[in-house]
2 protein chains.
Amino acid sequence: MRPVFKIWLENNGKVFGEGPLEILQKVEKTGSLRSAAAQMGMSYNKAWRLIAALEERLGYSLLEKRVGGACGGGSKVTPYAQQLMKRYSELKEEAEIVLEKLYLKHFEGFKT
Amino acid sequence: MRPVFKIWLENNGKVFGEGPLEILQKVEKTGSLRSAAAQMGMSYNKAWRLIAALEERLGYSLLEKRVGGACGGGSKVTPYAQQLMKRYSELKEEAEIVLEKLYLKHFEGFKT
DNA sequence: ATCCATTATACTAATATGAGTATAACGCTG
DNA sequence: CAGCGTTATACTCATATTAGTATAATGGAT
């Protein structure tokens, strides 16, 4: 038996979490939302709607989007999004450690 | 913006969490799974299948079930389930406190 | 002007989830 | 032994979520 947890941010509905973090990280690497989605095995459509929904609830844009041009365009993570990513990922990392400890504390010697 | 989290236990699939905890608590109060489900606005059918699935994955029974008899029967939470409930609810309570602190630490002064 | 890869968005289809309905079996009580 | 309210379980139907498909629009490069 093992503990599992998820932590995310809400404003008026979900605003940030593990999935969005991974998408933005891949956008940083690839330079476009389309290829980020492809790398995750996710349809571009889904990724786009997800980001759009988050942006609307946040009131800030996460991606600076260029459409058209030499290579069709691309997306860049905004400074605001970079902050969110950094803070959220650190929060999550520490939460993992702390929760694992809490689990051991409370479930030590369990199983009758 | 606020943090939200969920924590649950897995074995071969979900084995315990907030929903099951609430059901079992209501069984303790009402003496039957049927009325527990009713109090939660959940169909008996759903509640029964949920508990049955958990029991199978755990390898232990959570409810001691009597069928037939004076008042039709009823269910009682097993000692094993009581331990699970106690440990899980304490774990969750402490996790809430700790995670709220972690959130404040990491998101202090956020919003640009 | 055409091509290209991308963003942007609407519309449809598949799937998963959950709710509801139905029915059997059980066993105490009167 | 008939009635009652419960557990136990199968089966169908509605609904919500998600995935997929299609199509436009953009703008620099050739």
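Residue numbers start from 1 in every chain, and the chains themselves are labelled A, B, ... in the order their sequence lines are given, proteins ahead of strands.
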> About how many Å separate CE of B:Met85 and CD of B:Gln83, when rounded to the nearest 0.5 Å?
Replying inline: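 Here the interatomic distance stands at 12.0 Å.
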
>> Once rounded to the nearest 0.5 Å, what's the spacing between atom CD1 of A:Ile7 and atom CD of A:Glu96?
In response: 10.5 Å

> More 5' along DNA chain C: B:Gly72 or A:Gly72, using each one's nearest nucleotide?
Replying inline: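 It is A:Gly72 whose nearest nucleotide is closer to the 5' end.
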
>> Using heavy-atom distances to pick each residue's nearest nucleotide on DNA chain C, tell me which of A:Gly69 and A:Trp48 is more 5'.
In response: A:Gly69

Among [options], which is the nearest nucleotide to the side chain of [X]?
X       : options               : result
B:Ser32 : C:dT29, D:dT6, D:dA8  : D:dT6
A:Lys65 : D:dT6, C:dT9, C:dA8   : C:dA8
B:Tyr44 : C:dT6, C:dA25, D:dT9  : D:dT9
A:Arg49 : C:dC11, D:dT9, D:dG28 : C:dC11

Whole angstrom is fine here: how far is it from [atom1] in [X] over to [atom2] in [N]?
X       : N      : atom1 : atom2 : result
B:Glu64 : C:dC26 : CD    : C1'   : 16 Å
B:Met42 : C:dT17 : CE    : C1'   : 13 Å
B:Lys26 : D:dT6  : NZ    : P     : 17 Å
A:Leu62 : C:dA8  : CG    : C1'   : 16 Å
A:Leu50 : C:dT9  : CG    : P     : 15 Å

>> On DNA chain D, compare the nucleotides closest to B:Gly31 and B:Asn45; which residue's is nearer the 5' end?
In response: B:Gly31

> Mapping B:Ser75 and B:Ala70 onto DNA chain D by nearest heavy atom, which one lands closer to the 5' end?
Replying inline: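 Looking at the nearest nucleotide for each, B:Ala70 comes out on the 5' side.
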
>> Under a 4.0 Å threshold between the charged nitrogen and the carboxylate oxygen, would A:Lys65 count as salt-bridged to A:Glu55?
In response: yes

>> So that I can tick it off, tell me whether A:Lys76 and A:Glu28 are bridged by a salt bridge, with the cut-off set at under 4.0 angstrom between side-chain N and carboxylate O.
In response: no

>> Ring centres under 6.0 Å, that's the criterion: do A:Phe110 and B:Tyr80 meet it?
In response: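 So the answer is yes for these two rings.
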
> Should B:Lys46 be listed as having a side-chain N or O under 4.0 Å from OP1 or OP2 of C:dA19?
Replying inline: yes

